[in-house]
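Here is the naming used below: chain letters follow the sequence lines, and residue numbers restart at 1 for every chain.
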Amino acid sequence: GAGVSQSPRYKVAKRGQDVALRCDPISGHVSLFWYQQALGQGPEFLTYFQNEAQLDKSGLPSDRFFAERPEGSVSTLKIQRTQQEDSAVYLCASSSTGGPSSYNSPLHFGNGTRLTVT
Amino acid sequence: ILNVEQSPQSLHVQEGDSTNFTCSFPSSNFYALHWYRWETAKSPEALFVMTLNGDEKKKGRISATLNTKEGYSYLYIKGSQPEDSATYLCAYIYFGNEKLTFGTGTRLTIIP
């Protein structure tokens with residue numbers, strides 16, 4: 001497929017469990033973003049990669065959240081010791097450009113992972 | 001906190017009618033405005049990226065305008081069709097905070 005792929009599509013975790021969410025961006029896309037969308041809200045920025053470098057992680061809500069993109073393609077968002085407030089849709093998006101020119105480029109989103117913490 | 005506001009939150013429109021909705025954002029340090037359409041069970045799809053004051057963009061029956069001096073953008077849909085039912089999100093970037101800040105969206109339902 002040519003689009004951004006995210007897995008799993010749905011994840012139910014018990015409070016305290018660790019989860020890992022995967023994102024396969026469009027091949028060759030330089031920039032990769034993670035967003036969190038809570039119910040009734042717009043997507044909120046979590047973190048940004050340019051190739052393998054994590055240039056901005058200011059949106060990660062706590063040190064339980066960790067993201068990586070070790071080879072500059074696939075990215076994983078890990079949440080440790082999940083809490084109920086982590087329940088949300090996690091969106092991954094990629095862009096063909098990097099740096100300031102990426103702000104003028106549309107993002108290509110995946111379908112998201114809906115995480116429910118019980 | 002610099003917020004993006006969208007109105008209305010939801011909208012029901014008869015098939016064939018035209019409609020429009022608004023995205024408001026802080027006018028200082030503007031860099032770019034994005035519009036996305038998000039259909040249920042699909043991924044958000046980019047409609048427009050706009051950067052210049054007075055910009056107007058069109059894609060089929062959908063068009064958008066941008067006023068960076070007063071901080072708003074309008075999205076217009078002409079002759080609504082059932083496939084236009086979706087949530088429409090706008091997102092804004094400003095210098096000094098180069099990441100998209102999204103509004104909460106306008107949920108549009110087209111009534112056949």
Backbone N/O of A/Phe109 and side chain of B/Tyr36: donor-acceptor pair under 3.5 Å: no

Starting from B/Leu100, can I reach B/Tyr31 by hopping between I/L/V/M/F/W/Y residues whose side chains sit under 4.5 Å apart? yes

Count the heavy atoms belonging to other residues, nucleotides or ligands that lie under 6.0 Å from CD of B/Glu39, then report whether that count exceeds 12. yes

Between B/Lys42 and A/Asn111, which heavy-atom pair has the shortest distance, and what is it? C-OD1, 3.3 Å

Under 4.5 Å from any heavy atom of chain A, what part of B/Phe48 do you find: side chain, backbone, both or neither? neither

So if you build clusters from Ile, Leu, Val, Met, Phe, Trp, Tyr with side-chain heavy-atom gaps below 4.5 Å, do B/Tyr94 and B/Trp35 land together? yes

Answer yes or no: is there a side-chain heavy-atom contact under 4.5 Å between B/Pro44 and A/Leu91? yes

Taking side chain as everything from C-beta outward and backbone as N, CA, C, O, which of these in B/Trp38 sits under 4.5 Å from a heavy atom of chain A? Side chain, backbone, both or neither. side chain

Do the non-hydrogen side-chain atoms of A/Pro43 and B/Leu89 ever get within less than 4.5 Å of each other? yes

Under 4.5 Å from a heavy atom of chain B, the part of A/Gln37 involved: side chain

Interface residue of largest heavy-atom contact number with chain A, from B/Ala91, B/Ala32, B/Ala41, under 4.5 Å: B/Ala41

May I ask whether A/Val4 and A/Val30 are part of the same hydrophobic cluster, defined by side-chain heavy atoms of I, L, V, M, F, W, Y residues being less than 4.5 angstrom apart, directly or through others? no

Path from B/Ile110 to B/Leu47 over hydrophobic side-chain contacts below 4.5 Å: yes

I'd like to check B/Phe102 versus A/Phe45 (side-chain heavy atoms, cut-off strictly below 4.5 Å). Are they in contact? no

More than 12 heavy atoms of other groups within 6.0 Å of A/Arg15 CZ: no

Counting heavy-atom pairs closer than 4.5 Å to chain B, which one of A/Gly112, A/Gly110, A/Ala93, A/Gly40 comes out on top? A/Gly110

Picking from A/Glu44, A/His108, A/Arg9, which has the most non-hydrogen pairs under 4.5 angstrom with chain B? A/Arg9

Determine whether B/Lys99 and A/Ser58 satisfy the following criterion, side chain to side chain contact (heavy atoms under 4.5 Å, CB included), listing intermediate values before the conclusion. CA-CA 11 Å; B/Lys99 46 184 164 274; A/Ser58 61; 3.3 Å; yes

Greater than 12 external heavy atoms within 6.0 Å of A/Lys57's NZ: no

Please report the closest heavy-atom contact between B/Thr51 and A/Asn104, naming both atoms and the distance. CG2-OD1, 3.4 Å

With salt bridge (charged side-chain N to carboxylate O under 4.0 Å, His left out) as the rule and sequence neighbours excluded, what pairs involving residues 58-69 of chain B come up? B/Glu45-B/Lys59, B/Arg61-B/Asp84

Does CD belonging to B/Gln81 count more than 12 external heavy atoms closer than 6.0 Å? yes

